[in-house]
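In what follows, every chain begins at residue 1, and chains take the letters A, B, ... in the order their sequences are listed.
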Amino acid sequence: MSVLIDRDTRVLVQGITGHQGTVHARNMKAFGAQVVAGATPGKGGQEVEGVPVFDSVEAAVRKTDANASCIFVPAPFAKDAYLEAVDAGIRLSVIVTEHIPFHDMLTMYHYGRSKGARIIGPNCPGIAAPGKSKVGIIPNVVFRPGRVGVVSRSGTLTYEIVNGIKEKGLGQSTCLGLGGDPVVGTSFVDALPLFEQDPETDLVVLVGEIGGTAEEDAAEYIGRHFTKPVVAYVAGRSAPPGKRMGHAGAIIARGKGTADSKLSALRAVGAHVAKFPYEIPDLVAQFLPKSSAP
Amino acid sequence: MSVLIDRDTRVLVQGITGHQGTVHARNMKAFGAQVVAGATPGKGGQEVEGVPVFDSVEAAVRKTDANASCIFVPAPFAKDAYLEAVDAGIRLSVIVTEHIPFHDMLTMYHYGRSKGARIIGPNCPGIAAPGKSKVGIIPNVVFRPGRVGVVSRSGTLTYEIVNGIKEKGLGQSTCLGLGGDPVVGTSFVDALPLFEQDPETDLVVLVGEIGGTAEEDAAEYIGRHFTKPVVAYVAGRSAPPGKRMGHAGAIIARGKGTADSKLSALRAVGAHVAKFPYEIPDLVAQFLPKSSAP
Amino acid sequence: MVKLAEWRGKEIFRKYGVPLPRGQVVRSPAEVAGALQSAGIPLPCVIKAQVLAGGRGKGGAVRFASTVAEAEEATRAILALEFKGEKVREVLIEEKLPIARELYVSLTLDRSRRLPLAMASGQGGVEIETVDESAITRVLIDPFPGLVGYERRRLVQAFGVTGPVAKSVDDLLGRLWRIFVEEDAELVEINPLAVVGERVVALDAKVIIEDDAAFRHPEFGDVRDDRTPLEEIAREKEIAFVQLDGNIGVIANGAGLTMATLDVLAEFGGKPGVFLDLGGTDDPKKVTEAFLLMAQAKPAAVFLNIFGGVTRCDTVATGLVEAMRQVPDAERFPLVARIRGNNEAEGVAILRSAGITSLSDLKESVQAVVAAAGGRA
Amino acid sequence: MVKLAEWRGKEIFRKYGVPLPRGQVVRSPAEVAGALQSAGIPLPCVIKAQVLAGGRGKGGAVRFASTVAEAEEATRAILALEFKGEKVREVLIEEKLPIARELYVSLTLDRSRRLPLAMASGQGGVEIETVDESAITRVLIDPFPGLVGYERRRLVQAFGVTGPVAKSVDDLLGRLWRIFVEEDAELVEINPLAVVGERVVALDAKVIIEDDAAFRHPEFGDVRDDRTPLEEIAREKEIAFVQLDGNIGVIANGAGLTMATLDVLAEFGGKPGVFLDLGGTDDPKKVTEAFLLMAQAKPAAVFLNIFGGVTRCDTVATGLVEAMRQVPDAERFPLVARIRGNNEAEGVAILRSAGITSLSDLKESVQAVVAAAGGRA
């Protein structure tokens, strides 16, 4: 069992007829994911990358038993797309869309939660479990099946880190990109228990960044409950306060959210902290339990 | 075990300092209920009927471990009082208050439900389990412990029926007054499973009235799942369409909600239908399983 | 229920930006010419009686006019109508639009599901009860997050419209939802909703504000609704009072008990004329007030059925005796009482000493009051 | 972030009925006398610079005047200020109220709990960061059902006010909640909230509208915020672009990678001058546009760090080469590139053939760019 997805995951792509939706539907299929349906209002009946498109999520679920969705719908309509997925019974949605207003996200998160549904993202690369499935946009080529879990708030930085782990001759169990927004559906403290319980993960790489207290919360959780080795990196040590550094969530506000605060919290609970991203693969190799398959 | 409440139920009275709140706090105590706290904003520190009063529900729960509330707060403030109870961890609230706007009740119901909380009412007499506890305003004198369950949309009519059962030498397990509003927290279909599962109930008296389709829904449930005998009565056979008959929910609207529709649905699933309320005790005596203790 | 006449419903629609025909309310033919001009209503125009009952079209309460003089004449004629028992006090004059299609849309409450319910049909302009179920689309709405985009799309699809008309419907639905919630409505209905060119326009407006939420909407305090004058007074006094077709007044405590009493009465040949639910009151003054109101309805006889649970029988009896003392001779009625429960003996004693018949069996009491009413009829 | 100046925040407050001092904005001393009269502002009055930076009181950007002439003079003086680097364009003139107490209240987002957070303190008029935690009451608010009565009561209690003042605060809190939600705010703050007689009045207003929700609020389209001119242009082009204190421009793809690159640069003695996140773009035109913007910031050197995952290295290289061709001589800068991943070989070849240094080790590349920037400084 990988984390959140496996070979049986049946993926619906919301917004499949757009450029991004089409490209990544193809990539997910190439990675081995079961992409069973697409949904775009008014485009029902078409096929995209060999995948049937439906007018509504309800119809897509009814006809294909899709049980996870990947959302590429533009920000002004993303809330609606997600609520439609929840009401149609989808319980896992990866939201790739960037620039969703956080007030919308509050509604999405709390409504979804009341129905037992989980969001990964928004503004995130999604989930990939090499050899099994992928819901999202993480490049296929960086992966190799293995026993390292990766959980991150970044996109491209994560790809480079995952690629570095591969180049070191190691592989990944599941890589989870949580997204760079101030309000995310799944945060480190939500994700870590999944890795703790996953028998295929022996070590977790945690990639944080400035803004908020997700890393501090993670450190508290790690100190109390997490038994596997953690390699951690936090981007933004040199960022000035009050500026949004590319991600809506990457901002030091009123003295809160500095890299130093996060790093010292993580160090205090025994995480192996990398100063530079290129040190991560070495740390992984050093602390990965020796019993791990390569 | 009775239905919903028992000897361990710790009752908080919201609005205890008002006339109704005070009177019924006293009556509940006289019935044997553990009334452990009252709450009225700004009146914290007082005592009413020997019960300590708190400014907030949160404080009342923290200090007294109250686990059910009985709400007498006036309609414009009832929504707030209920939400406060839910947020303080109360999972059972009897709302006696009449005239709560149904839009408020929609919020209360769905918010409460998302937290796993249950409402009895509003505009209802509440719950009484003779010999055990009472949350609400049903008169103490009509009861006698026994094996007849009563579930009803009416108030006084129920008292008279319960009293009739007592005068027949029989007694009640639990009496549940659901309230006369169009939106109630607990309807017949929500209540019947509780009586089905209650080993102390051998027969259920169902007292309906015109308006809505709660009795038709109940009939469907009874036909499929209910194994105990049901004696049913529906008030309002002679009521004209389009008029609210005292209860906000008692209205035949656009052809829906007639007594005939309800009575024929109940008859069709084998309920023993009383034409007049005074026939109910006889029917109960006739159909109560012989093994029942008196 | 606070049922709003079409023109008041449309005032709300205007406030929320729902597209409407140009129109104005007048209360006399003399206002017609000015209204046409000030509201910019072109000819031909439509003149509609502002009454709460339905079926105005067939009932002669809607007319068309091609000239100002015709409009004045139509207004005069309609203001002279008594439509299904209701005097016409206002007339709404509106432009006559070129209608491509008539649709139906409404928001109401699904009591069983405890959710707002949207209904849409491509077959508007007729009573929705007569439309085949297969031609009606129903969408249940979660109060949180409210009527969302994909639900609106399903409703739009029910109309089979596309392009700008679909956009216009989608926009309209969002506005109706806001009205439903913010105005505490129990019904918001547009029938017909007309397709006019590339947009939809609300030709009619049916809005009912929930009675229990009236305290949040003092602006509707003057709405008379379709209550009788006595029902109106009862409402002000917060007494549940409904006038019916028969001649026997029924007073009981509790809505269920009062209804049940009516049922028994009807079964034994009585004709209920007034439903009066005393509620949980314990206050003799309130009882007196209720009886005086009952007297004004001039029943042939009155049946009082009280079960004293929370209420005490003796205080009800005291209130009743006081009321009978105050009732003018012209409004006197024979009275049969049945009071049981709390302080029953004291109550019965009070009644008997005032010469009021008091029985304890329901069937017997009902038969007595039917006889009393018949004897007087 | 769309940070609104005090007067614009107060325009929103007014729309939602938040009590304010009488006041008016002026843009020149000549408007002062008219403003005092038309807004009915009594003397003495307060004159406040409309700038985004805090600490106006101590910084001479708030003055008092007892006569019209004094008010004009104060306006002239303040309009001449450059406050913490920001030119003063508007001045807000307001009545000076008799203040009994100064309170603090705000609504913001608790990211960890994913809930709106209300904060209240009886110690207003100072920066909330300097107030002791024990003097701050925090209430998390569920978006459904919103800020409810008992939560407002807890906030009111934080102020230790009662009677009509408490009622005024309770009413205010409901209005602030509506602003927070309906205006898509990320911060609504009143500091100080003044007790004046039996009510509270918002003396200051700090409202930040969320950037991502700007599409729902075209009315704030002209707000300049505290962005630099180049940041303003970048925002219009939807490029994540932040100007910093140093002299080296950093272009990377992805916020995390760009931040990490800055960190490495700083560690090896470089001084980042521009943060430019290309995002997930694959479009050479967009890359060209980003480079031209970077050139305008006149960096001493530029470091390009690309990991091609979704992005292709060759298209980035193509865009870069095209940009270097278009950059005017005056804006030329030394460039070090590191591109890895998707189509890496093709990308490197394109760069090398255009004479651009391309290394693959991050540390080496960073050292090279630091040297290049130093050589030019």
Side-chain angles (χ1 to χ4, degrees), chain B residues 23 75-76 98-107 109-111 125 137-139 141-142 152-160 163 180-185 187 189 207 209-214 217 233 235-240 243-250 254-255 259 275-278, chain C residues 1 108-109 111-112 114-116 127-129 142-144 180-181 184-186 210-216 226 238 240-246 252-267 272 275-280 306-311 340-342 361-363:
Chain B
V23 167
E98 193 177 1
H99 297 306
I100 298 176
F102 80 77
H103 281 280
D104 287 6
M105 185 53 199
L106 290 179
T107 301
Y109 174 77
H110 291 285
Y111 183 74
I137 62 169
I138 317 185
V141 294
V142 299
S152 169
R153 283 170 66 191
S154 302
T156 312
L157 178 59
T158 312
Y159 312 158
E160 175 146 19
N163 194 58
D181 274 7
V183 177
V184 291
S187 62
V189 286
V207 181
E209 59 188 42
I210 54 163
T213 58
D217 299 344
Y233 173 76
R237 277 201 316 277
S238 61
K243 295 280 188 182
R244 280 196 204 282
M245 304 303 278
H247 278 160
R254 301 187 163 200
K275 193 162 185 186
F276 301 117
Y278 51 75
Chain C
M1 292 177 289
T108 178
L109 168 71
R111 293 170 53 156
S112 287
R114 293 121 163 154
L115 288 172
E127 284 198 30
I128 190 67
E129 287 79 3
D142 201 305
F144 177 74
F180 187 69
V181 174
D184 283 302
E186 59 180 73
E210 194 204 359
D211 239 354
D212 284 341
F215 71 93
R216 288 199 280 247
D226 49 4
E238 294 176 18
F241 180 101
V242 181
Q243 283 189 287
L244 306 166
D245 290 338
N253 61 334
L257 184 60
T258 316
M259 276 189 275
T261 308
L262 250 58
D263 294 346
V264 179
L265 190 70
E267 196 63 29
F275 166 105
L276 196 162
D277 168 16
L278 277 178
I306 296 294
F307 184 81
V310 180
T311 309
R340 297 213 50 205
N342 236 342
D361 184 74
L362 182 56
K363 205 164 127 182

[Y] backbone acceptor or donor facing [X] side chain under 3.5 Å:
{"X": "Ser187(B)", "Y": "Ala214(B)", "value": "no"}
{"X": "Asp263(C)", "Y": "Arg237(B)", "value": "yes"}
{"X": "Asn253(C)", "Y": "Gly279(C)", "value": "no"}
{"X": "Glu160(B)", "Y": "Leu257(C)", "value": "no"}

Below 4.5 Å, heavy-atom pairs only: which of [options] has the largest tally toward chain C?
{"options": "Val141(B), Ile100(B), Ile138(B)", "answer": "Ile100(B)"}
{"options": "Ser154(B), Ser238(B), Gly255(B)", "answer": "Ser238(B)"}
{"options": "Gly211(B), Ala248(B), Pro125(B)", "answer": "Gly211(B)"}
{"options": "Pro139(B), Ala259(B), Gly180(B), Ala239(B)", "answer": "Pro139(B)"}
{"options": "Asp181(B), Val142(B), Val184(B), Thr158(B)", "answer": "Val184(B)"}

Using non-hydrogen atoms and a 4.5 Å limit, figure out which bit of [X] sits close to chain B: side chain, backbone, both or neither.
{"X": "Ala213(C)", "value": "both"}
{"X": "Leu244(C)", "value": "side chain"}
{"X": "Glu127(C)", "value": "neither"}
{"X": "Ala266(C)", "value": "side chain"}
{"X": "Val242(C)", "value": "side chain"}
{"X": "Asp212(C)", "value": "both"}

Is there a side-chain contact between [X] and [Y] (heavy atoms, below 4.5 Å)?
{"X": "Arg254(B)", "Y": "Thr108(C)", "answer": "no"}
{"X": "Phe276(B)", "Y": "Glu267(C)", "answer": "yes"}
{"X": "Pro143(C)", "Y": "Tyr111(B)", "answer": "no"}
{"X": "Arg114(C)", "Y": "Met105(B)", "answer": "no"}

Geometric class of the Phe180(C)/His103(B) ring pair [parallel <30°, tilted 30-60°, perpendicular >60°]: perpendicular

Side chain to side chain contact (heavy atoms under 4.5 Å, CB included) against Ala250(B), all qualifying residues, sequence neighbours excluded: Glu209(B), Ile210(B), Met245(B), His247(B), Met259(C)

Set of side chain to side chain contact (heavy atoms under 4.5 Å, CB included) partners for Val23(B), sequence neighbours left out: His19(B), Asn27(B)

Does any backbone or side-chain atom of [X] lie under 4.5 Å from a heavy atom of chain C? Answer side chain, backbone, both or neither.
{"X": "His99(B)", "answer": "both"}
{"X": "Pro277(B)", "answer": "side chain"}
{"X": "Tyr233(B)", "answer": "side chain"}
{"X": "Tyr109(B)", "answer": "side chain"}

Identify which of [options] forms the greatest number of heavy-atom pairs closer than 4.5 Å to chain B.
{"options": "Asp184(C), Ile128(C), Val181(C), Leu265(C)", "answer": "Asp184(C)"}
{"options": "Ala252(C), Ala214(C), Ala255(C), Pro116(C)", "answer": "Ala255(C)"}
{"options": "Thr261(C), Asp211(C), Asp277(C), Leu115(C)", "answer": "Leu115(C)"}

